Trainee: 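Handing you a structure now.
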Amino acid sequence: MSADPAFALDRYLTRIGLRAGRAPNAATLREVCSAHVHAIPFENLDPLRGRAPSLEPADVVAKLVHGSRGGYCYEQNTLLALALRALGFRVTPLMARVVLGADSPESRPRTHMTLLVDVAGEEHRWLADAGFGVVGGLLEAVPLVTGGEFRSGPRRHRFVHAPHEGPLDLWVLQAMTGAGGGETWENQYAFTVEPFAAPDFQVANWHVGTNPRSPFSRRLYAQCTRPGVHRGLDDRRYTETRDDGDVTERLIDTDEEARALLADGFGIVAPADMKLLS
């Protein structure tokens with residue numbers, strides 16, 4: 001898919017704190033992905049109100065670039081794909097199975113959007129993902145290769161292949177969790193490099209955003225990464241995970257407290273008329 005000529009790249013770069021004039025190389029790819037992750041929070045306020053968010057490019061830009069809002073994976077990576085194409089990258093959207101906490105990759109449906117990026121002059125393709133809203137998510141794009149690990153700030157990731165019955169390799173993104181003697185590689189999500197099209201994401205977005213069994217339609221969920229700390233709000237439970245591994249938690253008692261926390265800690269302005277906490 002080619003770049004959208006209507007996409008306002010300069011406004012996007014301003015939103016994530018970067019200037020224009022970047023060449024489509026690996027350094028730019030890493031820098032843009034990192035700035036996006038640190039600038040635009042993950043949140044599910046639209047599904048919490050009973051509706052799937054629009055994935056139309058103009059609506060995604062209006063919400064995540066011009067509005068004081070974030071979004072979940074379909075919105076985040078739709079926006080990132082628009083920006084990367086405008087910068088001159090070739091981007092292939094993929095669908096992944098979130099396997100964090102799952103018994104096996106096949107036990108979950110493909111409900112996560114991620115991006116495969118071709119970089120001119122690079123031997124390998126890259127994985128870019130601004131929409132995996134957990135502390136184990138990528139902080140920047142990484143080459144799609146096995147046999148080593150990637151470090152970005154405090155986070156460590158690697159790819160491994162998992163056995164399955166399909167004709168394509170099954171890639172699994174793993175994150176290092178724990179500290180000291182308790183460190184272990186933990187599966188995050190699994191995917192093949194089969195391309196997916198806009199209608200596929202529209203169906204998945206509707207399912208995840210409106211299914212009453214979906215966690216995103218049942219409780220408030222927000223995440224953001226800031227220098228030195230990752231913040232998470234899961235209904236009433238607020239968590240801060242610092243780069244040194246220290247974790248603190250507290251409970252949020254009222255909608256007013258949650259609304260103030262979203263604004264001050266996440267940069268999210270919640271609609272005034274919506275109920276936030278269960």
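Bear in mind that the values here come from a model prediction, so they are computed numbers and not experimental data.
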Trainee: Determine yes or no for a side-chain-to-main-chain donor-acceptor pair under 3.5 angstrom, with Lys275 supplying the side chain and Leu277 the backbone.
Mentor: yes

Trainee: Find out if a path of hydrophobic residues (ILVMFWY) with successive side-chain heavy-atom gaps under 4.5 Å connects Val193 to Met95.
Mentor: yes

Trainee: Give a yes or no on whether Arg49 atom CZ has more than 12 heavy-atom contacts from other residues, nucleotides or ligands under 6.0 Å away.
Mentor: yes

Trainee: Carefully, step by step, assess Cys33 and Leu29 under the rule side chain to side chain contact (heavy atoms under 4.5 Å, CB included).
Mentor: CA-CA 6 Å; Cys33 292; Leu29 177 61; 3.9 Å; yes

Trainee: Would you indicate whether the side-chain heavy atoms of His124 and Leu144 approach each other to under 4.5 Å?
Mentor: no

Trainee: Can Leu251 and Arg237 be said to form a side chain to side chain contact (heavy atoms under 4.5 Å, CB included), step by step?
Mentor: CA-CA 5 Å; Leu251 295 179; Arg237 186 174 299 278; 4.1 Å; yes

Trainee: Would Glu123 and Val145 count as a side chain to side chain contact (heavy atoms under 4.5 Å, CB included) here? Give the steps.
Mentor: CA-CA 10 Å; Glu123 178 182 0; Val145 295; over 6 Å; no

Trainee: Is the shortest side-chain heavy-atom distance between Leu220 and Met274 below 4.5 Å?
Mentor: no

Trainee: Please confirm whether the backbone N or O of Arg30 pairs with a side-chain atom of Ser34, one donor and one acceptor, at under 3.5 Å?
Mentor: no

Trainee: About how many Å separate CG of Leu48 and CZ of Arg218, when rounded to the nearest 0.5 Å?
Mentor: 11.5 Å

Trainee: Is there a side-chain contact between Pro143 and Phe159 (heavy atoms, below 4.5 Å)?
Mentor: no

Trainee: Tell me if the CZ atom of Arg11 is crowded by more than 12 foreign heavy atoms within 6.0 Å.
Mentor: no

Trainee: Is it the case that the side chain of Arg226 and the backbone of His38 share a donor-acceptor pair, with hydrogens and angles ignored and the cut-off at 3.5 Å?
Mentor: yes

Trainee: Is a side-chain donor or acceptor of Asn77 paired with a backbone partner of Ala130 at a separation under 3.5 angstrom?
Mentor: yes

Trainee: Of Tyr189, Phe196, Phe191, which is the lone residue that meets ring pair (Phe, Tyr, Trp, His ring centres under 6.0 Å) with His112?
Mentor: Tyr189

Trainee: With respect to Pro41, which candidate in Ile268, Leu233, Leu64, Leu262 satisfies the side-chain contact (heavy atoms from CB on, under 4.5 Å) definition?
Mentor: Ile268

Trainee: Output the distance between atom CG (Asp59) and atom CG (Leu79), rounded to the nearest 0.5 Å.
Mentor: 12.5 Å

Trainee: Report yes if some heavy atom in the side chain of Leu276 is under 4.5 Å from a heavy atom in the side chain of Leu45; otherwise report no.
Mentor: yes

Trainee: Tell me, with the steps shown, if Trp171 and Leu127 meet side chain to side chain contact (heavy atoms under 4.5 Å, CB included).
Mentor: CA-CA 11 Å; Trp171 296 81; Leu127 194 79; over 6 Å; no

Trainee: Parallel, tilted or perpendicular: which fits the ring planes of Tyr238 and Phe266, with parallel below 30° and perpendicular above 60°?
Mentor: perpendicular

Trainee: State whether the side chain of Glu257 and the backbone N or O of Ile252 hold a donor-acceptor pair below 3.5 Å, judged by distance alone.
Mentor: no

Trainee: Working to the nearest 0.5 angstrom, can you tell me the gap between Ile16 CD1 and Tyr12 OH?
Mentor: 4.0 Å

Trainee: Just verifying a value: how many Å separate Asp129 CG and Gln76 CD, rounded to the nearest 0.5 Å?
Mentor: 9.5 Å

Trainee: Applying side-chain contact (heavy atoms from CB on, under 4.5 Å) between Arg90 and each of Val117, Leu116, Leu84, Asp118, report the one that passes.
Mentor: Asp118

Trainee: Let me check something: do Leu139 and Val142 share a hydrophobic cluster, defined by ILVMFWY side-chain heavy atoms less than 4.5 Å apart, either directly or through other members?
Mentor: no

Trainee: So do Thr92 and Arg125 actually touch side chain to side chain, heavy atoms under 4.5 Å?
Mentor: no

Trainee: Find out if a path of hydrophobic residues (ILVMFWY) with successive side-chain heavy-atom gaps under 4.5 Å connects Phe42 to Leu261.
Mentor: no

Trainee: On a heavy-atom basis, which atom in Val119 and which in Pro24 lie closest, and how many Å separate them?
Mentor: CG1-O, 4.1 Å

Trainee: Restricting to non-hydrogen atoms, name the atom on Leu115 and the atom on Ala81 that form the minimum distance, rounded to 0.1 Å.
Mentor: CD1-N, 3.8 Å

Trainee: On a heavy-atom basis, which atom in Ile40 and which in Gly70 lie closest, and how many Å separate them?
Mentor: CG2-CA, 4.1 Å

Trainee: Please give me the minimum heavy-atom distance between His157 and Gly136, naming the atom from each residue.
Mentor: NE2-O, 2.7 Å

Trainee: Please determine whether residues Met176 and Val229 belong to a single hydrophobic cluster, defined as Ile, Leu, Val, Met, Phe, Trp and Tyr linked transitively by side-chain heavy-atom distances below 4.5 Å.
Mentor: no

Trainee: Hey, is the main chain of Val99 close enough, under 3.5 Å, to the side chain of Asn187 for a donor-acceptor pair?
Mentor: no

Trainee: If hydrophobic clusters are built by linking Ile, Leu, Val, Met, Phe, Trp and Tyr wherever their side-chain heavy atoms come under 4.5 Å apart, do Phe150 and Val32 end up in the same one?
Mentor: yes

Trainee: Sub-3.5 Å donor-acceptor pair from the side chain of Arg219 to the main-chain atoms of Asp235, do we have one?
Mentor: no

Trainee: Please check: side-chain N/O of Ser217 versus main-chain N/O of Asn211, any donor-acceptor pairing under 3.5 Å?
Mentor: yes

Trainee: Ignoring hydrogens, what is the shortest heavy-atom contact between Thr210 and Ala52? Give both atom names and the distance.
Mentor: CG2-N, 3.7 Å

Trainee: Measure the CD-CD distance between Glu149 and Gln174 for me, rounded to the nearest 0.5 Å.
Mentor: 11.0 Å

Trainee: Rounded to the nearest 0.5 Å, what separates atom CZ in Arg231 from atom OG1 in Thr241?
Mentor: 11.5 Å

Trainee: Could you tell me which non-hydrogen atom of Pro53 sits nearest to which non-hydrogen atom of Asn205, and how far apart they are?
Mentor: O-ND2, 2.8 Å

Trainee: Is there a side-chain contact between His230 and Arg155, using heavy atoms and a 4.5 Å cut-off?
Mentor: yes

Trainee: Determine whether a donor-acceptor pair (N or O, by modelled atom type, separation under 3.5 Å) exists between the side chain of Asp169 and the backbone of His161.
Mentor: no

Trainee: Do the charged groups of Arg69 and Glu75 touch, with an N to O distance under 4.0 Å?
Mentor: no

Trainee: Ring pair (Phe, Tyr, Trp, His ring centres under 6.0 Å) with Tyr72: which of Phe132, Phe201, Phe216?
Mentor: Phe216

Trainee: Can you tell me if Arg97 uses its side chain to pair, donor with acceptor, with the backbone of Arg108 under 3.5 Å?
Mentor: yes

Trainee: So do Arg156 and Trp185 actually touch side chain to side chain, heavy atoms under 4.5 Å?
Mentor: yes

Trainee: Mind running salt bridge (Lys or Arg N to Asp or Glu O under 4.0 Å) on Lys63 and Asp46 for me, showing each step along the way?
Mentor: CA-CA 11 Å; Lys63 180 181 174 184; Asp46 285 348; 2.9 Å; yes

Trainee: In the structure I gave you, are the side-chain heavy atoms of Phe7 and Arg85 within less than 4.5 Å of one another anywhere?
Mentor: no

